[in-house]
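Here the structure is a predicted model, which means the values were calculated and not measured.
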Amino acid sequence: MLSTTDLHVHALPYDYYGDADCPSKGLARTATLIARARTEAANCLLFDNGDLLQGNPMGDRAARLTQRARSIPNPMIVAMNTLGYDAATLGNHDFNYGLDVLLAALRDAQYPIVSANVAHALPGDAPLWPAYVLLDRQMTDESGLHHTLRIGVIGFCPPQIVQWDQQLLSGRIVTRDIIDTAREMVPQIRAAGADVIIALSHSGIGPLQPSPGMENASTALAAVPGIDAVVAGHSHLVFPSAQFEGMEGVDVAAGTLAGKPAVMAGFWGSHLGVIDLTLTRAAQSWNVTEGRSEARPIWTRSPDRQIIPLVGSAA
């Protein structure tokens with residue numbers, strides 16, 4: 001499982017405000033890590049965890065062009081299509097230009113968008129996007145045999161979007177608590193035949209014990225029965241990392257939240273999130289028996305604090 005998060009329209013290793021090259025950011029460099037990771041394992045999936053469409057002048061321009069001529073595709077969606085993402089969820093900043101611009105941008109996505117806790121503000125709270133998707137993928141085991149696995153992918157974003165973008169979203173959408181939604185939906189995904197369930201959580205790593213409407217819910221989300229792995233984001237941090245040492249429910253050495261493999265891949269393309277799951281067959285089901293996670297960086301710092309790129313941009 002490969003993942004990006006909080007790209008914020010940083011397609012290239014470039015400072016769009018300073019008009020200068022910047023090797024510490026850019027999906028073009030992360031794409032090199034994606035290509036490399038795909039050579040390491042026979043079975044790979046690629047996900048984005050939201051905050052894709054807003055964050056720099058290119059995002060502002062793309063939004064204006066979308067409003068004027070909806071036939072013009074958003075450059076980040078084009079990039080994601082090119083890289084072959086399997087699924088994605090939305091972040092809070094994806095709503096910053098309003099719902100119409102967001103819907104127009106996503107129309108060109110060649111991969112499913114999932115968002116379980118956002119709905120139309122209509123009777124019955126009609127969903128804007130599917131709460132989850134079931135991906136049927138053929139996997140190759142260690143003996144070279146092929147198996148079809150059904151992978152459930154569910155997405156969440158902070159419920160606070162209706163306050164943060166109230167003037168744009170009021171009366172148009174409603175949001176639900178992340179944990180309540182997961183507890184309701186995850187059994188449905190399993191009943192629909194999912195062998196593995198992955199949560200794309202545009203939410204930070206917070207307390208293990210849930211509270212109503214919590215913004216940083218990824219640790220509590222990982223504790224929901226039935227979820228096998230969590231992709232976290234939103235807070236622009238990296239997990240596993242020592243920054244989270246000592247938090248309840250967090251095991252930095254094992255790379256787990258509430259005992260489930262988890263990853264958070266920084267921001268602006270600074271890292272590629274990697275979760276490696278080992279599955280074993282038991283009777284009529286598959287069980288996750290082992291998992292490890294890491295956040296692979298595209299850059300590091302020299303002893304004199306200079307930025308050193310670790311990879312070049314993908315061709």
Interatomic spacing from CZ in Arg61 to CD1 in Ile72 - rounded to 0.5 Å: 8.5 Å
Parallel, tilted or perpendicular: ring planes of His10 versus Trp268, cut at 30 and 60 degrees: tilted
His147 ring center near Trp286 ring center (under 6.0 Å): yes
Heavy-atom pair of closest approach, residues Ala232 and Ile205: CB-CG1, 4.3 Å
Nearest heavy-atom neighbours spanning Leu135 and Pro112: CD2-CG, 4.3 Å
Met185 CE to Phe156 CZ distance, which is reported to the nearest 0.5 Å: 8.5 Å
Side chain to side chain contact (heavy atoms under 4.5 Å, CB included) evaluation trace for Ile198 with Leu200: CA-CA 7 Å; Ile198 299 162; Leu200 303 182; 4.2 Å; yes
Test item: Ser270 and Trp299 side chains (from C-beta on) under 4.5 Å apart, heavy atoms: yes
From CA spacing to verdict: side-chain hydrogen bond (donor to acceptor under 3.5 Å, both in side chains), Asn117, Thr175: CA-CA 5 Å; Asn117 65 323; Thr175 57; 6.0 Å; no
Short N-O contact, Asp228 and Arg190, less than 4.0 angstrom: yes
Side-chain touch His120/Pro127, heavy atoms, less than 4.5 angstrom: no
Minimal non-hydrogen separation, Leu310 against Pro297, with atom names: CD1-O, 3.7 Å
Gap between atom OG1 of Thr219 and atom CE of Met214 - 0.5 Å precision: 7.5 Å
Heavy-atom donor-acceptor pair, Thr140 side chain to Gly144 backbone, under 3.5 Å: no
Joint cluster assignment, Tyr85 & Val9, ILVMFWY side-chain distance < 4.5 Å: yes
Under 3.5 Å: donor-acceptor pair, side chain of Asn74, backbone of Ala62: no
Interatomic spacing from CD1 in Ile178 to CG in Asp180 - rounded to 0.5 Å: 10.5 Å
Single-linkage hydrophobic cluster Trp129~Val186, side-chain heavy atoms < 4.5 angstrom: no
Under 3.5 Å donor-acceptor, Asp51 side chain and Asn92 backbone: yes
Test side chain to side chain contact (heavy atoms under 4.5 Å, CB included) applied to Ser241 and Val252, step by step: CA-CA 6 Å; Ser241 72; Val252 172; 5.7 Å; no
Linked, directly or transitively: Tyr132 and Val196 (ILVMFWY side chains, under 4.5 Å): no
Contact summary for Leu277 and Pro261, nearest pair of heavy atoms: CD2-CG, 3.7 Å
Which atom of Thr66 lies closest to which atom of Ala104, heavy atoms considered: CG2-CB, 3.4 Å
Any donor-acceptor N/O pair, Asn56 side chain to Tyr16 backbone, under 3.5 Å: no
Verify same cluster id: Leu83, Val263 (apolar side-chain graph, 4.5 Å): no
Gln160 side chain to Gly213 backbone, donor-acceptor under 3.5 Å: yes
Cluster link Leu272 to Val153, ILVMFWY, side chain under 4.5 Å: no
Side chain proximity check, Val238 to Gln243, heavy atoms < 4.5 angstrom: no
Phe267 and His236 aromatic ring geometry - parallel, tilted or perpendicular at 30°/60° bounds: parallel
Audit row: Asn43, Arg137, side chain to side chain contact (heavy atoms under 4.5 Å, CB included) steps and yes/no: CA-CA 9 Å; Asn43 310 307; Arg137 296 289 187 268; over 6 Å; no
Gln138 atom CD, over 12 foreign heavy atoms within 6.0 Å: yes
Side chain to side chain contact (heavy atoms under 4.5 Å, CB included) evaluation trace for Val162 with Val174: CA-CA 7 Å; Val162 290; Val174 293; 5.7 Å; no
Atom pair CD1/CE of Ile275 and Met1 - distance to nearest 0.5 Å: 4.0 Å
N-O pairing of Arg296 and Glu40 below 4.0 Å: yes
Heavy-atom donor-acceptor pair, Ser203 side chain to Pro158 backbone, under 3.5 Å: no
Ring centres under 6.0 angstrom apart (His93, His202): no
Main-chain N/O of Leu169 paired to Asp165 side chain as donor or acceptor, under 3.5 Å: no
Pair Glu294 + Arg292, salt bridge at N-O below 4.0 Å: yes
Side chains of Thr4 and Thr30, donor plus acceptor under 3.5 Å: no
Spacing of NE2 belonging to His8 relative to CG belonging to Leu27, to within rounding of 0.5 Å: 13.5 Å
Close side-chain approach of Met264 and Ser235, heavy atoms under 4.5 Å: yes
4.5 Å side-chain heavy-atom contact, Phe95 and Leu102: yes
Side-chain heavy atoms of Leu106 within contact of Leu90, under 4.5 Å: yes
Electrostatic pair Arg281-Asp141, nearest N-O below 4.0 angstrom: no
Asp6 side chain to His234 backbone, donor-acceptor under 3.5 Å: yes
Expected output: side-chain Thr89 to main-chain Val114 donor-acceptor under 3.5 Å: yes
Any donor-acceptor N/O pair, Asn287 side chain to Thr289 backbone, under 3.5 Å: no
Nearest heavy-atom neighbours spanning Gly55 and Tyr97: N-OH, 4.4 Å
Non-hydrogen side-chain atoms of Lys260 and Val288 separated by less than 4.5 Å: no
Side chain proximity check, Phe47 to Asp86, heavy atoms < 4.5 angstrom: yes
